[in-house]
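Just below is one structure, and these are the notes that go with it.
Every number for a ligand or one of its atoms is a count from 1 in the order of the listing.
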Amino acid sequence: MPRNFSLVTVASGAVSLRSLEHGETFHPVVGPMAEARALHVAGSRIVERAGECARPFVIWDVGLGAAANAVAVIEALSEARCPAHVELHSFDCTAAPLTFALGHADELGYLAPWREAVVQLLASGRAAAGNVDWHFHRCDFREFVCAPRAGVPLPDAILYDPYSPESNRSMWTLEHFTRLRERLDPARPCTLTNYSRSTSIRVTLMLAGFHVGLGGATGEKDQTTVAATHRDLLAHPLGAEWLGRVARSTRGAPLRESRTPGPVSSEDLAALRARI
Ligand SMILES: C[S@@+](CC[C@H](N)C(=O)[O-])C[C@H]1O[C@@H](n2cnc3c(N)ncnc32)[C@H](O)[C@@H]1O
């Protein structure tokens, strides 16, 4: 049993994992299912978009962790009796959090009904869960983006949930998001949902080529972020007022591999203006 994790009871009374190495609770305040449903399932309108999709709808679940986001997707589709065929591709560099969660499935609650599927996923990298064909790719997602594996289809939705930029910076840089954006299929409109509401992360996503908008509230955050390849996927795109705040911010610069945060440069501000 991996020892780098503990169980914590968050403010809502739900139980979540905490990484002792990163000092981060996976789903703080509202807990795993409430956060996963609000932020990722509703934020990317998975049930509606999958239902309208004539081919298999493809989801990349980046940072499988303890599989709360994956389970929320599987349950939302099955509760809505959505007949769509969905391929869920989960990525994580380690199976340790899922193995730990499986050992505590009853305390976590949400994982207990999916124990069998998770055992199969961990053993073979693939499992069927309702209408969902679930795959697990044990790899560093940054390396996958540089050299994608054959057989992994391009996504319609990305649930982006690595540890925070403070402890996992290389998953949030302009260079990484630019490579990810370039990989996406122009003919397949795609959303990317994440918990950040930081100006710098939104600037980074926009300079990487995404359209960026406000996501719904979750836990202590009054808003989160939805990025998309196509602007019409956004309910609340960021506009001129936000850009004014970027220009005034002392930390409006994008997260680049080699530079420290600070105010946005005039070149970056001009590039942002062209995308609003
Ligand atoms: C906050 S947890 C994710 C919680 C998870 N989405 C859930 O629903 O339980 C972050 C996860 O991202 C994974 N991760 C961090 N950096 C990664 C990388 N470069 N490639 C793949 N996975 C990564 C970590 O191993 C960890 O399991």
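- To the nearest 0.5 angstrom, L39 atom CG is 8.5 Å from L159 atom CG.
- Proximity of a side-chain donor or acceptor of T229 to a complementary backbone N or O of C190 within less than 3.5 Å is detected.
- D161 OD2, 3.4 Å is the protein heavy atom nearest to atom 4 (C) of ligand 1.
- Closest to atom 19 (N) of ligand 1, if we only count protein heavy atoms, is D140 OD1, 3.0 Å.
- Heavy atoms from other residues, nucleotides or ligands lying under 6.0 Å from CZ of R275 number more than 12.
- With hydrogens left out, the protein atom closest to atom 15 (C) of ligand 1 is N168 ND2, 3.2 Å, a heavy atom.
- Closest to atom 9 (O) of ligand 1 among all protein heavy atoms lies A66 N, 2.9 Å.
- Among protein heavy atoms, atom 20 (N) of ligand 1 sits closest to F141 N, 2.9 Å.
- Per-residue contacts place P97 under 4.0 angstrom from the following atoms of ligand 1 (heavy atoms of the residue considered): 27 (O).
- With D133 contributing its side chain and V86 its backbone, the two residues share no donor-acceptor pair below 3.5 Å.
- Follow the hydrophobic side-chain contacts under 4.5 Å out from L233 and you never reach Y160; the two are in separate clusters.
- The single protein non-hydrogen atom nearest to atom 17 (C) of ligand 1 is C93 SG, 3.8 Å, given as residue, atom name and distance.
- Close contacts between ligand 1 and H27 involve ligand atoms 7 (C), 8 (O), 9 (O) [criterion: under 4.0 Å to a heavy atom].
- Aromatic ring orientation, F100 versus H104: tilted (interplanar angle from 30° to 60°).
- A ring-centre distance under 6.0 Å is not found for H211 and H230.
- For a threshold of 3.5 Å applied to N or O pairs, the pair formed by P162 and ligand 1 contains no separation below that value.
- Atoms of ligand 1 found under 4.0 Å from any heavy atom of T94, numbered from 1 in the order shown, are 25 (O).
- Scanning the protein heavy atoms around atom 12 (O) of ligand 1, the nearest turns out to be G63 CA, 3.4 Å.
- Within the structure, the closest approach of A67 to ligand 1 falls below 4.0 Å when heavy atoms are considered.
- Ligand 1 is approached by L64 to a heavy-atom distance shorter than 4.0 Å.
- Classification of the F91-F144 ring pair by plane angle, with boundaries at 30° and 60°, yields tilted.
- Comparing F5, F26, Y110 by heavy-atom distance to atom 2 (S) of ligand 1, the nearest is F26.
- Residue C139 approaches ligand 1 through these ligand atoms, each under 4.0 Å from one of its heavy atoms: 20 (N), 21 (C).
- Grouped with V10 in one hydrophobic cluster are V8, the linkage being side-chain heavy-atom contacts under 4.5 Å among Ile, Leu, Val, Met, Phe, Trp and Tyr residues.
- Once rounded to the nearest 0.5 Å, the distance linking CZ of F5 with OG of S16 reads 11.0 Å.
- Every heavy atom of H22 sits 4.0 Å or more from the atoms of ligand 1.
- For atom 27 (O) of ligand 1, the closest heavy atom belonging to the protein is D92 OD2, 2.6 Å.
- For a threshold of 3.5 Å applied to N or O pairs, the pair formed by N69 and ligand 1 contains at least one separation below that value.
- Side-chain atoms of R49 and T191 include a donor-acceptor pair closer than 3.5 Å.
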